Amino acid sequence: MHDLVRIDTLPSRVGETVRIGGWVTHLRSKGSICFAVVRDGSAVVQCVATRADAGDDVFATACGLTVETSVIVSGTVRSDARSPGGVELGVATVEVVGRSVDYPIAPKEHGVGFLQEQRHLWVRSSRQHAALRIRHEVEAAIMEFLHADGFVRFDTPILTPCAAEGTSNLFATEYFDLGEAYLAQTGQLYVEAGMMAFGRVYCFGPTFRAEKSKTRRHLTEFWMVEPEAAFVDHAGNLEIQERMVSHVVARCLERRRADLELLGRDLSALERVQPPFPRITYDEALEIVRAHAPDDGSVPPLTWGEDLGAPHEVLISDRFDRPVFVERYPAAVKAFYMQPDPARPEVALCADLLAPGFGEIVGGSQRIHDEALLRQRIEEHGLPVDAYQWYLDLRRYGSVPHSGFGLGIERTVLWISGLPHVREAIAFPRMLYRIYP
RNA sequence: UCCUCGGUAGCUCAGUCGGUAGAGCGGGUGACUGUUAAUCACUAGGUCGUAGGUUCGAGUCCUACCCGAGGAGCCA
């Protein structure tokens, strides 16, 4: 099988005789000619078999194929305007590798419940295939950007001994004789330890939230990248974020344009994603909500001190042509470790990045670097100080101002690809009412 | 946890006033040498989510429950 060639190389092999291996996605036959579209993961190609060219036996095999049968096909590559993609394979031989009987997904509409039940097969479908290739590109582009910017990948634990903020949203499991352990809902605290060692680090992996959220933006298991940098203040933090997000979008436009087009994404909207991103304060966000909320009550009014809800984020982000930072939220609604604004201590030096028409894809802040203030915040939040001794240690031995952020992979993929629901931005989504397959 | 909608063939759905279960797609068989989700003909395929109730008679009406979808709350 070492001689098999990838289908995406066929346009440069016109005239050659080649062998390809893949899966039949579609079949059409008409008398003594039949067409089989084959997918190998790199691309698809139409294979054409005629009784005259292939002979009775090969032709009968080709006509007897079924959807998702795996095959090795040999033949001659030729260009033909009638073929989708302009290139096709004139079949000489067909070898069935694995049969496929009664494949459940047909080229027609299905309900999402059925498709999710068939997720292990649904990932073969063209739209899902495109979405997951975009996810791959997003992940690769993030690591490419951070590597080039001097960040060291610093992977953080999945099993953790305590909650960053309460245990109600955590998945718990027994950990031998040491009591309960929890699946990490962030790598944030650990990545701060790495930052003090390496200057710039990031973690990249799954996080878990036992929230009973049932919306198109929520998963119980999702992936996050969390960069953390020493000697970077709030303003510098936003600058890293806008450069990274712009890089990711540019890479997708460069390398996954066909997938974006297949999904029907408006590419001109993505072309506009260039730094700098607009910055508005929480106070200005409240003004926008007050002035532009529709009369139908779909966007509830907000008073100062309340966090923005999903409808507010969409309302605000829709008014900008690229992602927008909303900064300086009331400290009371944000995490305990966020640095207060020295000019206005009731707000935190934090920002959420809202993508147009979608909502939050990034949350970040400058962190408290003073031990006394951090200890005070831990106590104010009613958290167990003993459990945070190691975290306080980071402020006892050469503390420096530092900042970081977390970017949600599935939400970013959803926004870039224009998909309707996060379940399509990950291969096997984990949701409130679904853990199979 | 709450609100809304739904569950009938493998899939997507229709089913009128309560009176013998329907279509399209998919599957099977056959025809056709350029199809693009091909087309045409024929054909197989049903415990109407579950359990009760009303009725001479329930896919249809009532009650409870189960399951699915969308949204809200929640969500550094």
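What's counted below: heavy atoms across the whole structure, side chains too, no hydrogens, waters or symmetry copies. Chain letters run A, B, ... following the sequence lines, proteins first, then strands; residues in each count from 1. Keep in mind that this is a model prediction, so the values were computed, not measured.
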Applying the Watson-Crick and G-U criteria (both distances under 3.5 angstrom) with [ ] for crossing and | for other-strand pairs, one obtains for RNA chain B (((((((..((((.....[..)))).(((((.......))))).....(((((..]....))))))))))))....
Kindly point out which of [options] is positioned nearest to the side chain of [X]?
{"X": "Thr215(A)", "options": "C75(B), G34(B), A72(B)", "answer": "A72(B)"}
{"X": "Val112(A)", "options": "A69(B), C74(B), G71(B)", "answer": "A69(B)"}
{"X": "Lys214(A)", "options": "C75(B), C11(B), G70(B)", "answer": "G70(B)"}
{"X": "Arg411(A)", "options": "G34(B), G73(B), C75(B)", "answer": "C75(B)"}
{"X": "Gln116(A)", "options": "A69(B), A72(B), G34(B)", "answer": "A69(B)"}
{"X": "Leu432(A)", "options": "U1(B), U35(B), G34(B)", "answer": "U1(B)"}
{"X": "Lys30(A)", "options": "U33(B), A69(B), G73(B)", "answer": "U33(B)"}
{"X": "Arg209(A)", "options": "U1(B), G34(B), C75(B)", "answer": "C75(B)"}
{"X": "Ser213(A)", "options": "C11(B), G34(B), C74(B)", "answer": "C74(B)"}
{"X": "His421(A)", "options": "A72(B), G34(B), G70(B)", "answer": "G70(B)"}

Would you classify [X] as touching base, sugar-phosphate or nothing, given that sugar-phosphate means primed atoms plus P, OP1 and OP2, and contacts are heavy atoms under 4.0 Å?
{"X": "Leu27(A)", "value": "sugar-phosphate"}
{"X": "Arg78(A)", "value": "base"}
{"X": "Glu313(A)", "value": "nothing"}
{"X": "Glu226(A)", "value": "base"}
{"X": "Arg367(A)", "value": "nothing"}
{"X": "Gly406(A)", "value": "nothing"}
{"X": "Pro104(A)", "value": "nothing"}
{"X": "Ser365(A)", "value": "nothing"}
{"X": "Met224(A)", "value": "base"}
{"X": "Arg216(A)", "value": "sugar-phosphate"}
{"X": "Asp307(A)", "value": "nothing"}

In whole angstroms, how far is the [atom2] atom of [N] from the [atom1] atom of [X]?
{"X": "Leu354(A)", "N": "C75(B)", "atom1": "CG", "atom2": "P", "result": "17 Å"}
{"X": "Arg217(A)", "N": "C74(B)", "atom1": "CZ", "atom2": "C1'", "result": "11 Å"}
{"X": "Tyr103(A)", "N": "C25(B)", "atom1": "OH", "atom2": "P", "result": "21 Å"}
{"X": "Phe114(A)", "N": "C13(B)", "atom1": "CZ", "atom2": "P", "result": "12 Å"}
{"X": "Lys334(A)", "N": "C75(B)", "atom1": "NZ", "atom2": "C1'", "result": "10 Å"}
{"X": "Ile33(A)", "N": "U35(B)", "atom1": "CD1", "atom2": "P", "result": "9 Å"}
{"X": "His110(A)", "N": "C25(B)", "atom1": "NE2", "atom2": "C1'", "result": "9 Å"}
{"X": "Leu65(A)", "N": "G28(B)", "atom1": "CG", "atom2": "P", "result": "12 Å"}

Under-3.5 Å donor-acceptor pair between Glu117(A) side chain and G68(B) base: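 Between G68(B) and Glu117(A), which were checked side chain against base, a qualifying N/O pair under 3.5 Å is absent.
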Looking only at the side chains, is there a donor atom on one of [X] and [Y] sitting less than 3.5 Å from an acceptor on the other?
{"X": "Thr66(A)", "Y": "Thr69(A)", "result": "yes"}
{"X": "Asp53(A)", "Y": "Thr50(A)", "result": "yes"}
{"X": "Arg133(A)", "Y": "Gln128(A)", "result": "no"}

Subject >> Closest approach of Pro323(A) to Phe277(A) (non-hydrogen atoms, all atoms of both residues) >> reply: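 Shortest heavy-atom contact: O-CB, 3.2 Å.
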Would a line drawn from the ring center of Tyr337(A) to the ring center of Tyr388(A) be shorter than 6.0 Å?
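No, ring centres 6.0 Å or more apart.
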With [atom1] as the reference atom in both, quote the distance from [N] to [M] in angstrom, rounded to an integer.
{"N": "G18(B)", "M": "A37(B)", "atom1": "P", "value": "44 Å"}
{"N": "U43(B)", "M": "C3(B)", "atom1": "P", "value": "49 Å"}
{"N": "C48(B)", "M": "G6(B)", "atom1": "C1'", "value": "14 Å"}

RNA chain B nearest-nucleotide lookup for Thr207(A) and Tyr433(A): closer to the 5′ end is Tyr433(A)
Q | First encountered from the 5' end of RNA chain B, between Gly309(A) and Ala52(A) | A |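 Result of the comparison: Ala52(A).
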When the side chains of residues 341-368 of chain A are checked against the rest of the protein, which donor-acceptor pairs come out under 3.5 Å, sequence neighbours left out?
residue	atom	partner	partner atom	Å
Asp341(A)	OD1	Ala343(A)	N	3.0
Asp341(A)	OD2	Arg328(A)	NE	2.9
Arg344(A)	NE	Glu346(A)	OE2	3.0
Arg344(A)	NH1	Asp283(A)	OD2	3.3
Arg344(A)	NH2	Asp283(A)	OD2	3.0
Asp352(A)	OD2	Tyr329(A)	OH	3.3
Asp352(A)	OD2	Lys334(A)	NZ	3.3
Ser365(A)	OG	Arg367(A)	NH1	2.8
Gln366(A)	OE1	His234(A)	N	2.9
Arg367(A)	NE	Glu228(A)	OE1	3.4
Arg367(A)	NE	Glu228(A)	OE2	3.0
Arg367(A)	NH1	Gln188(A)	OE1	3.3
Arg367(A)	NH2	Gln188(A)	OE1	2.8
Arg367(A)	NH2	Glu228(A)	OE1	3.0
Arg367(A)	NH2	Gly404(A)	O	3.3

*asked:* With a 4.0 Å limit, can you tell me whether Arg423(A) has a side-chain N or O closer than that to the phosphate oxygens OP1/OP2 of G68(B)?
replied: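 Arg423(A) to G68(B) OP1/OP2: no side-chain N or O under 4.0 Å.
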**Prompt:** Is the Phe151(A) ring parallel, tilted or perpendicular to the Tyr202(A) ring (thresholds 30°, 60°)?
**Reply:**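 Perpendicular, since the angle between the ring planes exceeds 60°.
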| message | Are Phe336(A) and Leu383(A) packed together at the side-chain level, in the sense that at least one heavy-atom pair is separated by less than 4.5 angstrom? | response |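 Result yes, sub-4.5 Å side-chain heavy-atom pair found.
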### Query
Charged N to carboxylate O below 4.0 Å: is that the case for Glu371(A) and Arg396(A)?
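So Glu371(A) pairs with Arg396(A) through a salt bridge.
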| NZ/NE/NH1/NH2 to OD/OE distance under 4.0 Å, Arg51(A) and Asp56(A) |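 So Arg51(A) pairs with Asp56(A) through a salt bridge.
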